[in-house]
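Presented below is the structure to which this report refers.
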2 protein chains.
Amino acid sequence: MNYIIGVDGGGTKTEAVAYGVAGNIISESKAGYGNLLINEEHAITNIIQAIEQCKAPIENGKCLYICLGLAGYGGVKNPQGIKSALTKAFNIPFTIVNDGIIAHAALLKGKDGVLTISGTGAVSIGTHDGAVEQAGGWGHLLGDEGSGYWIAMKAFINMTKEDDEGLEQSQLTGALLSKLGFQRVGDLKKFIYSATKADIAAFVPLIVEQAEASDEISEKILIQAGYHLAKNALDVCRKLNVGENVTIAMKGSILTQVRLVQSSFIEHIQLEKPDVNFIVDEVSSTLGCYYIAVKHIS
Amino acid sequence: MNYIIGVDGGGTKTEAVAYGVAGNIISESKAGYGNLLINEEHAITNIIQAIEQCKAPIENGKCLYICLGLAGYGGVKNPQGIKSALTKAFNIPFTIVNDGIIAHAALLKGKDGVLTISGTGAVSIGTHDGAVEQAGGWGHLLGDEGSGYWIAMKAFINMTKEDDEGLEQSQLTGALLSKLGFQRVGDLKKFIYSATKADIAAFVPLIVEQAEASDEISEKILIQAGYHLAKNALDVCRKLNVGENVTIAMKGSILTQVRLVQSSFIEHIQLEKPDVNFIVDEVSSTLGCYYIAVKHIS
């Protein structure tokens, strides 16, 4: 039985799935993070472990190809370490791409189109006739407009503006301070400069709740998030020179679970491209590895 | 001979100066950083050392008061450590304030007015009839608009937008990439996410150079910086409810050395308050400690 292994290496866990040549799942495994930028040595150990555990139960089978999608891979200065480790451990042909590329292939079933992801960060990736283009994905200091981190920071920055301008405290500011357990807006720095990006993005549900209770500031931030994500997707379409009938897929908790962001995203895209085919689907990114591997083998 | 010690504890060095009761300098010393947020234990050791070295050469003198202005002091969760250490080491009355407060007192000679600082960060601090107000000073993630870090990031973010939108590379982007030693805009992340704030702010001279060579993007960023700094200063004036004849002092390399930022700052303030008295002066912030200490003693 011939099979293919797909690996999705993220910032918290690595998922490996063995697919039969017809795309059927044969075996699955999980290990620790696979982002080489966190700690290269640990990430490589986790990735090798995930692949080994995925292969272990498949008796009399032959692994034809391994496709890996690793978070942060675009920022790796020298990929020789992971490449040597994979060759030494398995001696099976493999390819490594960014995690966005496998997510794109998974949602678009290996076909052309644009994928917009908004979770803690935000990026749009598109393919068309062999070309690949991206917009966003610059990280929290340079961009990530429309991401969960960005949405929460917009609300926190609004607090600082109210304070600077001596304005009355808004309902949103009151709710944020209450969740933070702070009395004064000035205490905000103590939180922001010791928090992780995930700690900050964890305030999104509170902002969504406020928007659902008709808080105008919260509504505006979520609508702006959708606009920025739509702009990224349209930038990618323009760079790829695609026509009207493009498929745009959505992934990530912000774009798939926050109604106001998603509706703003769709509306702003439809202003320019009314015939877009949208996809929102819950599929494992490792399925994208399968589609990519099949292209490499055939 | 009675004297007062002023201490300016910054992120890289601590400066202590002993002033006679008439404001004459008697003794000076320097030590390592005095920002408690970097490492409290080391910062306390540095501060104590600076004060001891400043006192050492003054024979038969009596230190009446110590006033300390420490960078980041507003973010210190529990100031008991530094307070106990000072009491134990010297047993002299003292007061500790943020470094912005002593800079304000130094430039305004202990009188009311507004101080706007723009170096790596940016803040405005004002006093009027016993009230103290601030705008800005939120740090690089929440604000610092008009600071050196902000100016450089504006230029870097402009690079990412050009790339996202598939625009032709601007002259500014070419100059930044050349200084970074990168071929592709996509490599920018490798620099930004491993650089310090000072590393990033170090690109300001290149942007100033480009603006002087009439690069429109650079000019616009510097003019915007002046506008944001002016807005902060005017927000403070509004919160203090000062009249037209307020004094506004400027400090920090961006506001005192970058002509285009300074002229934009002055112009935007004059639009609202044409009679402002501006001060740009090179004085040691420890002189502000002297003015504050004199008020405490008398």
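In what follows, chains carry the letters A, B, and so on, assigned in the order in which the sequence lines appear, proteins first and then strands, with residues in each chain numbered from 1. Since this is a predicted model, take the numbers as computed values, not measurements.
Around atom CD of E244(A), more than 12 heavy atoms belonging to other residues, nucleotides or ligands sit under 6.0 Å away. K179(A) NZ: more than 12 foreign heavy atoms inside a 6.0 Å radius.
Under the 4.0 Å criterion applied to side-chain N and carboxylate O atoms, E165(B) and K239(A) are not assigned as salt-bridge partners.
No hydrogens or angles considered: nothing links the side chains of W138(B) and D163(A) as a donor-acceptor pair under 3.5 Å.
Going from atom CG of L142(B) over to atom CZ of F156(A) covers 8.5 Å, rounded to the nearest 0.5 Å. Interatomic distance, L141(B) CG to L141(A) CG, rounded to the nearest 0.5 Å: 6.5 Å. The NZ atom of K190(B) sits 10.0 Å away from the CG atom of L37(A) when rounded to the nearest 0.5 Å.
Counting only heavy atoms from C-beta outward, the side chains of K231(A) and D164(B) never approach each other to under 4.5 Å.
Counting heavy-atom pairs under 4.5 Å between each of I157(A), T160(A), D235(A) and chain B puts T160(A) at the top. Highest contact tally toward chain A, considering only A135(B), G137(B), G166(B), is held by A135(B) [criterion: heavy-atom pairs under 4.5 Å]. Ranked by heavy-atom pairs under 4.5 Å with chain A, the first of R238(B), H140(B), K161(B) is H140(B).
Proximity to chain B (any heavy atom under 4.5 Å) is shown, for F191(A), by neither the backbone nor the side chain. Looking at E133(A), there are no atoms closer than 4.5 Å to chain B (heavy atoms on both sides), in backbone or side chain. For chain B, the nearby parts of V185(A) are the backbone and the side chain; heavy atoms of each come within less than 4.5 Å.
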